[in-house]
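What follows is one structure encoded as structure tokens, with my remarks underneath.
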Amino acid sequence: MTDSNFRHITVLLDEAVEGLAVRGDGRYMDGTFGRGGHSRLILQKLGPDGRLLGFDKDPLAIATGEALAAEDGRFVVVQRSFAELGEEAVVRGICGQVSGILLDLGVSSPQLDDPERGFSFLNDGPLDMRMNPDVGVSAADWIATAAEDEIARVLKDYGEERFAKRMARAVVQRRAEQPFTRTADLAQVLTVANPAWEKGKNPATRAFQGIRIHVNNELGDLERGLEAALETLEVGGRLVVISFHSLEDRIVKQFMKRQAKGEADKLPRDLPIIPKAFEPRLKLIGKPVYAAEAELKANPRSRSAVMRIAEKLR
Ligand SMILES: C[S@@+](CC[C@H](N)C(=O)[O-])C[C@H]1O[C@@H](n2cnc3c(N)ncnc32)[C@H](O)[C@@H]1O
């Protein structure tokens, strides 16, 4: 597997690294290394005593990360989900000592653009969609075995597809005759089952998004990753998260809001002091950040990006 033909243009590069407020001697985590766009800029800002730990599930991202680690002794990369960044911090003895954590969510352009990875409804390839093709269940295996109502739920909940039920029925009818093994074949069946094509959008887009999110447990990992990040940061440490669709952003927004509000409202009103355990754990930094005009022009993928920043209070 090689992807030297596929590039990833980093979204909100300067804004995200600025949001981390990098300290020269700090320890940082890039939970979504990808092709290392953010990581390289973080390393530029770090001094000789600074450290950066990268995570990615994807073997090609890890290969790029290992090449970077060979050049720069301040950087290490691990093939692990950022959902497990707390466990990684414990093993490395840095729990509660990390100065900043970045999550740039979702898939990279090389994953989407290389038909062999099986994410693309535009270019035919094996129906896989796993960020790490060595673990878990491929899209083909899931489609072959999932119940019709489970398929419908995934298309509706994770793809926000209005015609999820019809599409699930079409998929189940077709798989009884012949299993799905290729992305173009699945895209074709979904396209025919979709009665309302939207202008400028492939009729299989939402369904493919839903299947991808399900196969990679993206929302479950995000929830675990946010909780783990809060424990792993030091007081004053920054959490920076870039989301690419409303399902992700809702989880990030609600998590940050909840932690910034604390739980004092669960206490009796006349309590003279608020116990520490009920005080806020995060402070929101600024408003949500969107790509500026120049980036929107240069990189259409940045159109859906929204970045939120918070700082750990306790
Ligand atoms: C949008 S790209 C990141 C791009 C990166 N910031 C850059 O500038 O090159 C997302 C990356 O995160 C990885 N990824 C997504 N979810 C992950 C998770 N739960 N744990 C680890 N890596 C994940 C994907 O494999 C992909 O390489």
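Each ligand, and each atom within it, is numbered from 1 in the order the structure gives.
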Contact residues of ligand 1 (heavy atom under 4.0 Å), by chain and number: His8, Thr10, Gly31, Thr32, Phe33, Gly34, Arg35, Gly36, Gly37, His38, Asp56, Lys57, Asp58, Arg80, Ser81, Phe82, Asp104, Leu105, Gly106, Val107, Ser108, Gln111, Met131, Asp221, Arg301
Nonpolar side-chain network containing Trp197, other nodes, edges under 4.5 Å: none
Arg308/Asp249 salt bridge by N-O under 4.0 Å criterion: yes
Pairing of Asp134 and Arg130 as salt bridge, 4.0 angstrom limit: no
Positive for side chain to side chain donor-acceptor pair (under 3.5 Å) with Ser99, one of Lys312, Glu234, Arg51, Arg238: Glu234
Exceeds 12 heavy-atom contacts within 6.0 angstrom, atom NZ of Lys156: no
Note: Glu148-Arg175 ion pair, threshold 4.0 Å (strictly below): no
